[in-house]
Amino acid sequence: MCGPSGVGKGTLVAAVRARLPGVDLSVSATTRAPRPGEQDGREYFFVTDAQFDELVATDALLEWAQYAGTRYGTPRQPVLDAVARGRDVILEIEVQGARQVRQRLPQATFVFIAPPSLDELRARLVGRGTESPERVATRLAVAESELACVGEFDVVIVNDEVDRAVDQLVELISRSRAAGSTSAPVEGTHEGEA
Ligand code: 5GP
């Protein structure tokens with residue numbers, strides 16, 4: 001699942017998991033500092049630059065990317081283990097990382113969560129109050145470039161009404177389960193590291 005910072009991915013994922021059993025959320029590693037209320041191991045594994053280098057060097061990440069000055073990556077093994085146990089795993093990541101996942105887990109479904117408009121996104125980012133004005137500006141610039149990539153995704157969901165967006169996600173996962181498209185983990189090549 002991709003979508004600009006502030007679009008509400010976290011809220012949607014929590015609501016989907018409350019409605020559908022068997023859905024895990026991958027916990028990423030990041031070099032950014034925790035926001036107030038974030039806990040190590042829950043929202044993210046908060047790591048140092050050196051620790052992140054080590055994760056990359058040991059090929060422990062399914063994908064990773066630089067975003068707004070910090071690095072983020074998906075620990076590989078928990079995702080593969082969960083898929084092998086027949087669970088669905090949501091990766092809440094940015095677009096460069098999603099491209100790597102497409103190469104390595106081509107059976108994944110790629111969903112883009114879009115804001116109703118950039119003005120609305122700006123209002124949400126400012127209202128969240130977690131970012132400085134400079135960081136809001138950086139995130140909006142990244143958002144614009146991410147919105148230009150929507151054509152790469154299997155499904156685009158506009159988060160104008162949370163309940164409707166959650167319904168769409170629940171239906172998507174249910175349909176994909178019925179089609180059995182999540183049942184055969186095939187990991188592709190590790191080439192083309194970012
Ligand atoms: P935030 O700092 O707002 O939590 O996240 C910033 C961006 O990084 C969001 O677009 C989020 O989806 C993305 N992100 C979070 N974890 C990962 C990850 O493991 N890999 C990649 N590629 N992006 C991530």
Side-chain angles (χ1 to χ4, degrees), residues 1-14 16-17 24-49 51-56 58-80 82-83 89-105 108-115 118 121-150 152-153 156-157 159 165 169 190 192-194:
M1 174 188 285
C2 290
S5 178
V7 79
K9 300 184 294 281
T11 306
L12 296 183
V13 170
V16 166
R17 294 184 68 210
D24 289 348
L25 174 62
S26 162
V27 179
S28 300
T30 181
T31 57
R32 89 152 160 70
R35 294 182 184 129
E38 286 184 335
Q39 269 178 31
D40 189 39
R42 191 179 64 184
E43 282 80 11
Y44 285 104
F45 296 106
F46 295 99
V47 299
T48 61
D49 268 318
Q51 288 170 323
F52 201 97
D53 289 342
E54 178 72 14
L55 291 172
V56 173
T58 55
D59 205 21
L61 300 177
L62 180 62
E63 60 73 36
W64 69 272
Q66 181 102 24
Y67 176 98
T70 40
R71 289 183 291 172
Y72 297 82
T74 303
R76 178 196 307 277
Q77 207 53 49
V79 175
L80 299 184
V83 173
V89 187
I90 299 181
L91 274 59
E92 206 192 299
I93 62 179
E94 53 66 68
V95 173
Q96 304 163 71
R99 291 183 182 137
Q100 296 165 45
V101 176
R102 192 183 275 292
Q103 288 187 346
R104 292 164 197 176
L105 294 173
T109 302
F110 294 83
V111 185
F112 192 92
I113 309 295
L118 276 176
L121 187 65
R122 180 179 301 110
R124 289 186 199 179
L125 274 173
V126 171
R128 192 163 78 175
T130 55
E131 313 296 326
S132 66
E134 295 75 30
R135 287 177 68 91
V136 168
T138 311
R139 278 161 189 258
L140 279 171
V142 176
E144 278 197 74
S145 61
E146 288 194 323
L147 283 166
C149 303
V150 291
E152 295 176 31
F153 287 80
V156 179
I157 294 177
N159 190 16
L169 282 166
H190 295 178
E193 204 70 62

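Start at 1 and go down the list; that is how both ligands and their atoms are numbered. On a predicted model such as this, the values are computed, not experimentally measured, just so you know.
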*Can you find a heavy atom in the side chain of Phe110 that is under 4.5 Å from one in the side chain of Glu152?*
no

_Among all protein heavy atoms in this structure, tell me which lies nearest to atom 4 (O) of ligand 1, with the distance rounded to 0.1 Å._
Tyr44 OH, 2.5 Å

*What atoms in ligand 1 come closer than 4.0 Å to a heavy atom of Ser5?*
3 (O)

*Element-labelled atoms of ligand 1 that are located less than 4.0 Å from some non-hydrogen atom of Arg32*: 1 (P), 2 (O), 4 (O)

*Return yes when Gln100 approaches ligand 1 closer than 4.0 angstrom through a heavy atom, no otherwise.*
no

*Can you pull out the closest protein heavy atom to atom 3 (O) of ligand 1? Residue, atom name and distance to 0.1 Å, please.*
Arg139 NH1, 2.7 Å

*Validation row: Asp59, Arg76 side chains within 4.5 angstrom (heavy atoms)*: yes

*Salt-bridge criterion met for Glu131 and Arg139 (N-O under 4.0 Å)*: yes

*Option set Arg128, Glu92, Gln66, Lys9, criterion heavy-atom distance to atom 14 (N) of ligand 1, minimum*: Glu92

*Do Asp24 and Val79 touch side chain to side chain, with heavy atoms closer than 4.5 Å?*
no

*asked:* Can you name the atoms of ligand 1, numbered from 1 with element, that are less than 4.0 Å from a heavy atom of Ala65?
replied: 22 (N)

_Check this for me - ligand 1, Ala29, N or O atoms closer than 3.5 angstrom, yes or no?_
no

*Is the closest N or O pair between Trp64 and ligand 1 shorter than 3.5 Å?*
no

*Hey, are the side chains of Val13 and Arg17 touching, using non-hydrogen atoms and a 4.5 Å cut-off?*
yes

*So which bit of Tyr72 gets within less than 4.0 Å of ligand 1, heavy atoms only: side chain, backbone, both or neither?*
both

*Are Arg32 and Thr70 close enough that a side-chain donor and a side-chain acceptor fall under 3.5 Å?*
no

*Below 4.5 Å, heavy atoms only, C-beta onward: do Val27 and Arg42 meet side chain to side chain?*
no

*Ser28, any N or O under 3.5 Å of ligand 1 N or O*: yes

*Quick one: which ligand 1 atoms are inside 4.0 Å of a heavy atom on Glu63?*
18 (C), 19 (O), 20 (N), 21 (C), 22 (N)

*Are any of the heavy atoms in Arg35 under 4.0 Å away from ligand 1?*
yes

_Just so I know, are the side chains of Arg35 and Glu38 near enough to count as touching, which here means a heavy-atom distance under 4.5 Å?_
yes

*asked:* Taking Arg71's backbone N and O only, do any of them form a donor-acceptor pair with Thr30's side chain (distance below 3.5 Å, no angle check)?
replied: yes

*Which atoms of ligand 1 are found less than 4.0 Å from any heavy atom of Glu94?*
10 (O), 12 (O), 13 (C), 21 (C), 22 (N), 23 (N), 24 (C)

